[in-house]
Amino acid sequence: MLDKKVALITGSTSGIGLATAHVLAKHGVNLVIHGLLSDQEGQALAIEFEQTYKVNTHFSNANLKEPTEISSLVTDAVNVFGGIDILINNAGIQHTERTETFPTEKWNDILAINLSAAFHLIQQTLPHMTQNRWGRIINIASVHGLVASKNKSAYCAAKHGIIGLTKVVALENAENGITANSICPGWVDTPLINKQIEDIANQQGLPFEEARYALVTEKQPLPEMAIPQQIGEFIRFLCSDAAKAITGSSLPMDGAWTAQ
Ligand SMILES: NC(=O)c1ccc[n+]([C@@H]2O[C@H](COP(=O)([O-])OP(=O)(O)OC[C@H]3O[C@@H](n4cnc5c(N)ncnc54)[C@H](O)[C@@H]3O)[C@@H](O)[C@H]2O)c1
């Protein structure tokens, strides 16, 4: 049933977004691939998807810090595909530092990319979903949308915020065949967390692999990271008809982190 649907996945040039693009393309979904690659690298990735999965693709490297670039991202995607059925707000960045020294510029960037971009994209794609009376909005939040950790003021603010946004969008669109949900992963094996592992390795004088284990087990009972493809498979389920009653939810996928 997902065959020939159109999905816009922000940040799909790396990590969770890229793995999700592979999962959805395998099910015949046409893709707007998006992320901070050069035009040349992005086009090459898009062509790879077309050849492997026989789907149609469009690449964009819109900077999500810029609302005008977000508008062009949606306009270009609609011009190519005629509409957007599935929106996955996945792109995100991280910076860890205590609140009293947290740089304002980092705060602004994290709020812009991890939260405001999702608002702009939801606002601009909803008319297409409403017209079709079908849509799936999936926001990649985090356990840090449900609970806090030290040194993550901006990230926690953005992730708690996106969960609130998701609930409002779910309420407003429940009668239109559109679902909106947040996924709240614990640790996922992607480049986003390498800096946090390196910090532990440096502070505690540990080899990278041991620092990685220390980071994961500090709060997460399951002593291993999720792999990005697992999030992609969960997203595919949320896009299916079987999941049409799941809306407004914040869904942990966190190795029991928030069960404590
Ligand atoms: N990795 C984890 O442990 C983890 C856990 C919970 C939640 N998350 C969330 O999952 C999402 C994906 O993270 P990931 O781990 O796959 O990260 P990643 O670093 O592998 O990928 C991030 C993607 O976002 C894009 N991006 C970054 N800044 C951008 C900007 N200004 N404009 C446009 N695109 C931009 C990058 O190009 C890339 O495609 C994020 O929202 C993150 O907060 C990750």
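First listed ligand is number 1; within each ligand, the first listed atom is number 1.
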Open item on the list: Please find the pair of heavy atoms, one from Asn56 and one from Asn30, that lie closest to each other, and give the distance.
Closed with: N-OD1, 2.8 Å
Open item on the list: With heavy-atom distances below 4.0 Å as the criterion, list the atoms of ligand 1 near Gly35.
Closed with: 37 (O)
- [ ] Using a 4.0 Å heavy-atom threshold (strictly under), name the region of Ile93 that reaches ligand 1: side chain, backbone, both or neither.
- [x] side chain
Open item on the list: How far is atom 14 (P) of ligand 1 from the closest protein heavy atom, and which atom is that?
Closed with: Thr190 OG1, 3.4 Å
Open item on the list: Considering non-hydrogen atoms of the protein only, which is the closest contact for atom 32 (N) of ligand 1, and what is the distance?
Closed with: Leu64 N, 3.0 Å
TODO: Before giving the answer on side chain to side chain contact (heavy atoms under 4.5 Å, CB included), spell out for Met129 and Leu87 the whole-Å C-alpha distance, their side-chain angles and the decisive distance to 0.1 Å.
DONE: CA-CA 10 Å; Met129 297 178 185; Leu87 171 64; 3.8 Å; yes
Open item on the list: Would Glu233 and Arg236 count as a salt bridge (Lys or Arg N to Asp or Glu O under 4.0 Å) here? Give the steps.
Closed with: CA-CA 5 Å; Glu233 292 291 352; Arg236 186 196 59 75; 3.3 Å; yes
TODO: Please identify which atoms of ligand 1 are closer than 4.0 Å to at least one heavy atom of Tyr155.
DONE: 6 (C), 7 (C), 8 (N), 9 (C), 42 (C), 43 (O)
Open item on the list: Give me the atom names and distance for the closest heavy-atom approach of Leu36 to Asn61.
Closed with: CD2-O, 4.1 Å
Task: Exceeds 12 heavy-atom contacts within 6.0 angstrom, atom CD of Glu66 - done: yes
Open item on the list: Counting neighbours of CD on Gln131 that are heavy atoms of other residues, nucleotides or ligands and sit closer than 6.0 Å, is the number greater than 12?
Closed with: no
TODO: From atom 21 (O) of ligand 1, work out which of Ser14, Ser12, Ala226, Ala91 has a heavy atom at the shortest distance.
DONE: Ser14
TODO: Measure centre to centre between the rings of Tyr155 and His95, then say whether the value is under 6.0 Å.
DONE: no
Task: Ligand-side contact atoms (ligand 1) for residue partner His34, heavy atom cut-off under 4.0 Å - done: 33 (C), 34 (N)
TODO: Give the atoms of ligand 1, by number and element, whose distance to some non-hydrogen atom of Asn63 is under 4.0 Å.
DONE: 30 (C), 31 (N), 32 (N)
- [ ] Can you sort out which atoms of ligand 1 are near Trp187, meaning under 4.0 Å from one of its heavy atoms?
- [x] 3 (O)
TODO: State the atoms of ligand 1, each with its element, that fall below the 4.0 Å cut-off from a heavy-atom position in Ile140.
DONE: 9 (C), 10 (O), 11 (C), 41 (O)
Task: Asn114 N/O to ligand 1 N/O under 3.5 Å - done: no
Task: Lys159 near ligand 1 by a heavy-atom separation under 4.0 Å - done: yes
Open item on the list: Thr57 and side-chain contact (heavy atoms from CB on, under 4.5 Å): which single residue from Ile33, Val80, Leu45 fits?
Closed with: Ile33
Task: atom 17 (O) of ligand 1: the protein heavy-atom neighbour that sits closest, reported with distance to 0.1 Å - done: Leu192 CB, 3.4 Å
Open item on the list: To check your reading of the model: name the closest protein heavy atom to atom 25 (C) of ligand 1, its residue, and the distance in Å.
Closed with: Gly11 CA, 3.8 Å
Open item on the list: Within the supplied structure, the quantity of interest is the number of heavy atoms (other residues, nucleotides, ligands) at a distance under 6.0 Å from Lys106 NZ; does it exceed 12?
Closed with: no
Open item on the list: Checking the N or O distance criterion of under 3.5 Å, is ligand 1 in contact with Ile16?
Closed with: yes
- [ ] Identify, for atom 40 (C) of ligand 1, the protein heavy atom at the shortest distance, and state residue, atom and that distance.
- [x] Asn90 O, 3.1 Å
Task: For atom 39 (O) of ligand 1, the protein heavy atom that lies nearest, with its residue and separation - done: Thr13 OG1, 2.8 Å
Open item on the list: Considering Gly145, Gly15, Pro191, Pro185 one by one, which has a heavy atom nearer to atom 6 (C) of ligand 1 than any of the others?
Closed with: Pro185
Task: Ion pair Asp109/Lys65, N-O distance below 4.0 Å - done: yes
Task: Proximity winner for atom 5 (C) of ligand 1, if only heavy atoms of Ser142, Pro228, Gly186 are counted - done: Gly186
Open item on the list: By the ring pair (Phe, Tyr, Trp, His ring centres under 6.0 Å) test, which pairs, at least two apart or in different chains, include something from residues 235-260?
Closed with: His144-Trp257, Trp187-Trp257
Task: Numbered atoms and elements of ligand 1 in range of Ile113, under 4.0 angstrom, heavy atoms - done: 31 (N)
- [ ] For Ala62, counting its heavy atoms only, list the atoms of ligand 1 lying under 4.0 Å from any of them.
- [x] 32 (N), 33 (C)
Open item on the list: Strictly by ring pair (Phe, Tyr, Trp, His ring centres under 6.0 Å), give each pair with a member in residues 41-66 just once, sequence neighbours left out.
Closed with: His22-Phe49, His22-Tyr53, Phe49-Tyr53
- [ ] Report the nearest protein non-hydrogen atom to atom 37 (O) of ligand 1: residue, atom name, distance rounded to 0.1 Å.
- [x] Leu36 N, 2.9 Å
Task: Crowding at OH, Tyr213 (>12 non-hydrogen neighbours, <6.0 Å) - done: no
Task: Ala141, Cys184, Gly92: member with heavy atom nearest to atom 7 (C) of ligand 1 - done: Ala141
Open item on the list: Does ligand 1 come near enough to Ile193 that some N or O of the ligand is less than 3.5 Å from an N or O of the residue?
Closed with: no
Task: Heavy atoms of other groups near Gln260 CD, more than 12 under 6.0 Å - done: yes
- [ ] Flag Gly17 as yes when one of its N or O atoms lies below 3.5 Å from any N or O atom of ligand 1, and as no otherwise.
- [x] no
Task: Nearest atoms (heavy-atom pairs only) where Leu222 meets Val216 - done: O-CG1, 3.9 Å
